[in-house]
Amino acid sequence: MGMKGRIALGAVVGVVVIGVVSANAGHNGDSGTSGGTGKGSSASAEREARGRKDTKDTGKAEVAEKKAAFAGDGHFQVGSDIRPGTYRTTGNSDGMCYWERAKDASGEMDSLLANDNVTGTSYVTVKATDKLFKSSDCHAWEAVGEKAKGSPAARISGDGGMFAVGADIAPGTYKSTGNTDDSCYWERTKDAEHGVESILANDNVNGTAVVRISASDAYFKTTGCKDWKKTG
């Protein structure tokens, strides 16, 4: 356990989840999180900007409360080292970023709750019942507020990782063309817990992909694809 480079259990590239759409269709993501991807506007930056209020009468500024953050390398005990909540890492460009949620510190397979290899951005919800969060070769993690806002994009990187629907990416129909080697994988999810039950729909694509992202989706994940452009 803890070895980098494993395929994420909850979102195995090359395997399409069958029947998940009908089981979860219309389910709104309960994480309520959103944020930037490093290529668009940053939700955390916007929160900080909104938190500063120019008070000319007193000459003082009101500064927004800083969110807890932790390093991209290490093992973190939930409740003592980090708090439960949703976190984001951005700018991971070499595919070496690996994280996992665990129910204990045994390091055994049975302790693994969810994991992923990250290129670009990843959002992860650490639950209060989790015991350990592991992160290796990732950029630092920042806490993402439930009411964070952003400027939804209509075009996104096909290898950008996870995008928060309504903040990073606008709902609608998107197209990715020119995928030639079956490495393009996309996923619509209802939360950032990364379990199989989190997946609303997913696919591996060769050629052109068309996906309808609903306003009720929480996140859209894309790896190894050509860029996506909103068509409707």
Side-chain angles (χ1 to χ4, degrees), residues 1-2 4 6 8-11 29-48 51 64-105 111-150 156 160-169 187 189-195 197-199 217-223:
M1 293 298 297
K4 294 176 290 184
R6 292 175 300 183
L9 298 185
D30 57 4
S31 65
T33 62
S34 56
T37 67
K39 294 186 177 180
S41 62
S42 168
S44 58
E46 287 189 20
R47 290 197 304 273
E48 183 176 353
E65 179 183 356
K66 292 183 178 180
K67 296 291 182 180
F70 53 95
D73 286 290
H75 294 186
F76 305 92
Q77 291 182 295
V78 179
S80 56
D81 298 328
I82 63 173
R83 296 179 180 180
T86 299
Y87 296 88
R88 175 182 62 196
T89 179
T90 63
N92 300 286
S93 59
D94 58 6
M96 295 300 294
C97 171
Y98 172 80
W99 64 260
E100 67 179 56
R101 295 170 47 223
K103 63 182 179 181
D104 57 47
S111 71
L112 184 63
L113 295 170
N115 67 346
D116 203 6
N117 294 297
V118 178
T119 298
T121 295
S122 183
Y123 290 83
V124 181
T125 296
V126 178
K127 303 181 69 174
T129 51
D130 296 354
K131 298 301 181 183
L132 196 68
F133 183 79
K134 301 180 182 180
S135 179
S136 178
D137 286 332
C138 300
H139 285 197
W141 294 84
E142 62 176 331
V144 181
E146 293 183 358
K147 296 182 179 180
K149 302 295 182 181
I156 60 172
M162 287 180 72
F163 298 87
V165 178
D168 300 332
I169 182 175
E187 180 179 295
T189 69
K190 65 179 182 179
D191 56 44
E193 295 178 15
H194 293 266
E197 64 279 3
S198 298
I199 301 174
D217 296 351
Y219 300 94
F220 179 72
K221 180 179 179 180
T222 173
T223 60

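Excluded from the calculations below are hydrogen atoms, water molecules and symmetry mates; all remaining heavy atoms, backbone and side chain alike, are included.
- With sequence neighbours excluded, the residues satisfying side chain to side chain contact (heavy atoms under 4.5 Å, CB included) with Lys103 are Ser111, Leu113.
- Here OG of Ser135 is found 6.5 Å from CZ of Phe70. Values are rounded to the nearest 0.5 Å.
- Minimum heavy-atom separation, Asn92 to Asp137: OD1-O, 4.2 Å.
- To the nearest 0.5 Å, the span separating OG on Ser136 from CG on Asp73 amounts to 5.5 Å.
- Contact between Pro84 and Val78 at its shortest, heavy atoms only, is CG-CG1, 4.1 Å.
- The residues Asp104 and Lys131 are annotated as not salt-bridged, no charged nitrogen and carboxylate oxygen being separated by less than 4.0 angstrom.
- Between Phe163 and Thr222, the shortest heavy-atom contact is CE1-CG2, 3.7 Å.
- Atom-to-atom distance recorded for Glu187:CD and Asp217:CG is 11.0 Å, nearest 0.5 angstrom.
- Remark: side-chain polar atoms of Asp94 are paired, donor with acceptor, to backbone N or O of Met96 under 3.5 angstrom.
- Side-chain contact check for Thr223 and Thr119: no donor-acceptor pair (N or O, by modelled atom type) lies under 3.5 Å.
- Within the 4.5 Å cutoff, no side-chain heavy atoms of Thr90 are placed close to those of His139.
- Qualifying side-chain hydrogen bond (donor to acceptor under 3.5 Å, both in side chains) partners for Asp81, counting only residues two or more places apart in sequence or in other chains: none.
- Scored by the salt bridge (Lys or Arg N to Asp or Glu O under 4.0 Å) test, Lys127 finds Glu193 as partners (sequence neighbours excluded).
- In this structure, His194 contributes its side chain and Asn115 its backbone to no donor-acceptor pair below 3.5 Å.
- From Thr86, atom OG1 reaches atom CD of Glu142 across 12.0 Å, with rounding to the nearest 0.5 Å.
- Residues Val124 and Arg101 approach most closely at CG1-CD, 3.9 Å, considering heavy atoms.
- The heavy-atom pair separating Tyr123 from Thr121 by the smallest distance is CE1-CG2, 3.9 Å.
- The minimum heavy-atom distance between Cys97 and Thr89, with the atom names listed, is SG-CG2, 4.5 Å.
- Residue Trp141 forms a ring-ring contact (aromatic ring centres under 6.0 Å, His included) with just one option from Tyr87, Phe76, Phe133, and that option is Phe133.
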